[in-house]
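Beneath this line is the structure, given in structure tokens, with notes to follow.
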Amino acid sequence: MSKTTFKMVVAGGGIGGLSAAMGLAKAGCQVTVLEQASAFGEIGAGIQIGPNAFHAMDYLGVGEAGRSKAVYIDKLVLMDAVSGDHISDMPVGEDFRSRFGNPYAVVHRADLHGVLHDACKANENITLVNNQRVVSYENTANGAKVTTESGEVYEGDAVIGCDGVRSMIRQQLTGGDELRLSGHVAYRAVLQLDQMPEDMRWNAAALWGGPKCHMVHYPLQGWKTFNLVATFQTDVSNVGSNEPGTREEILSRFGNVCDRVRKVLEIPTEWRRWVLGDRDPIENWTDGNVTLLGDAAHPTHQYFAQGACMALEDSVCLSDKIQHCGGDLNKAFQQYQDERIVRAYRVVLSSRMLGKMYHAQGVERLIRNSVMAAKKPEDYYHSLDWLYGGTGLMSAAAQAAE
């Protein structure tokens with residue numbers, strides 16, 4: 001089929017939706033992106049970006065712009081939040097970059113979203129529409145259409161559901177599979193550089209693992225700020241997204257950690273909190289001319305730092321399949337799903353396991369420390385070849401065979 005043949009409707013204007021739009025436009029499609037908010041933007045603070053995400057950004061044409069917004073850390077560090085001891089670290093400098101072909105970096109979520117947003121605005125094949133929350137879809141004789149909360153209808157040759165962890169597209173497609181709440185709540189804050197204790201201003205992404213809790217910090221925005229995330233386990237299930245959190249709650253959940261960690265947690269005057277959830281793997285993301293992408297397809301906990309990375313990879317894969325489908329979108333969607341499903345869900349299930357390791361207590365904590373302390377950089381690199389060596393264009397089987 002010739003360029004600009006397909007007309008695509010993308011539900012959701014987050015990182016997944018905008019990267020999907022870039023990939024679809026690269027494949028020659030005309031794309032309409034529907035965002036429920038009054039303006040395109042991202043909530044939250046920092047995210048970590050692995051080499052696989054930079055590979056995807058390069059494919060989408062925003063690699064250099066993305067790199068310009070990033071902070072390039074020296075290593076990933078694991079600390080014991082109880083004793084304050086250093087456990088292990090993984091260097092992500094020259095040897096890491098040479099092995100995986102791209103850096104490991106941290107970036108403010110809004111900055112990455114802004115790079116994609118600017119690229120979409122500059123692309124004549126992409127139309128961005130605000131104040132349109134998609135509530136349902138329908139396959140039609142000529143493609144698919146969506147209806148928004150305001151009653152507007154948008155039609156195209158296909159619909160891509162990029163509407164996040166609480167996706168309305170997924171809810172209809174699956175018949176309503178349940179969000180799997182983890183009992184983990186993440187508190188997020190941003191500190192100005194001078195607020196961060198000098199002896200913890202590391203050029204690293206540091207994780208302090210404690211009993212049923214952990215804290216992460218790393219520099220952002222050209223070393224002007226520090227991202228701070230404190231996560232704990234709780235029985236509370238009714239915490240929403242981006243709600244105000246209290247200093248009292250976060251300190252009460254970190255009662256068994258060392259003074260060094262507590263002193264950092266005492267600094268923020270404003271916290272925002274999120275309940276963490278994912279969904280169990282499903283074997284099918286597609287219904288006729290409708291398919292899912294990013295968190296709508298495979299929502300994951302943050303412990304592997306791969307949520308945005310997987311959405312970027314999805315966008316690359318979907319773009320490639322559409323370019324080579326010979327005009328058959330159903331074929332393209334099936335190939336996209338088949339190629340992505342094992343890799344994406346490996347991240348989902350691995351993230352669950354990492355959460356348990358970070359929150360280890362008692363003897364399990366001692367075993368964690370012993371095992372992780374024995375690892376050398378090469379051990380880490382080898383264990384992550386499957387992840388950081390991926391491009392969004394390789395099937396799980398192909399990667400395993402390498």
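Side chains of His217 and Trp208: a donor on one and an acceptor on the other come within 3.5 Å.
In this structure the side chain of Glu313 reaches within 4.5 angstrom of the side chain of Arg343, judged on heavy atoms. Annotation: side chain of Met90 is not in contact with side chain of Lys75 (no heavy-atom distance under 4.5 Å).
Within 6.0 Å of atom NE2 in His382, 12 or fewer heavy atoms from other residues, nucleotides or ligands are found, so the atom counts as exposed in its surroundings.
Remark: Ala158 pairs with Met8, Asn289, Leu329, Phe333 by the side-chain contact (heavy atoms from CB on, under 4.5 Å) rule, at least two apart or across chains. Scored by the ring pair (Phe, Tyr, Trp, His ring centres under 6.0 Å) test, Tyr380 finds no partners at all (sequence neighbours excluded).
Salt-bridge annotation for Arg352 and Asp280: present, with a side-chain N of the basic residue lying under 4.0 Å from a carboxylate O of the acidic one.
Across all non-hydrogen atoms, the minimal contact from Ile160 to Leu24 is CG1-CD1, 4.0 Å. Nearest approach of Ala25 to Asn123, heavy atoms of both residues: CB-ND2, 3.6 Å. Smallest separation of non-hydrogen atoms from Gly66 and Phe54: C-CE2, 4.5 Å.
A tilted orientation is assigned to the rings of His214 and His359, their planes being inclined by 30° to 60°. Between Tyr187 and Phe232, the ring planes lie tilted relative to each other; the angle falls in the 30° to 60° range.
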Legend entry - Full working for side chain to side chain contact (heavy atoms under 4.5 Å, CB included) between Tyr137 and Val134: CA-CA 8 Å; Tyr137 72 83; Val134 173; 5.8 Å; no
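Relative to the ring axis of Trp271, Arg188 does not place its NZ or CZ within 45° and under 6.0 Å from the centre.
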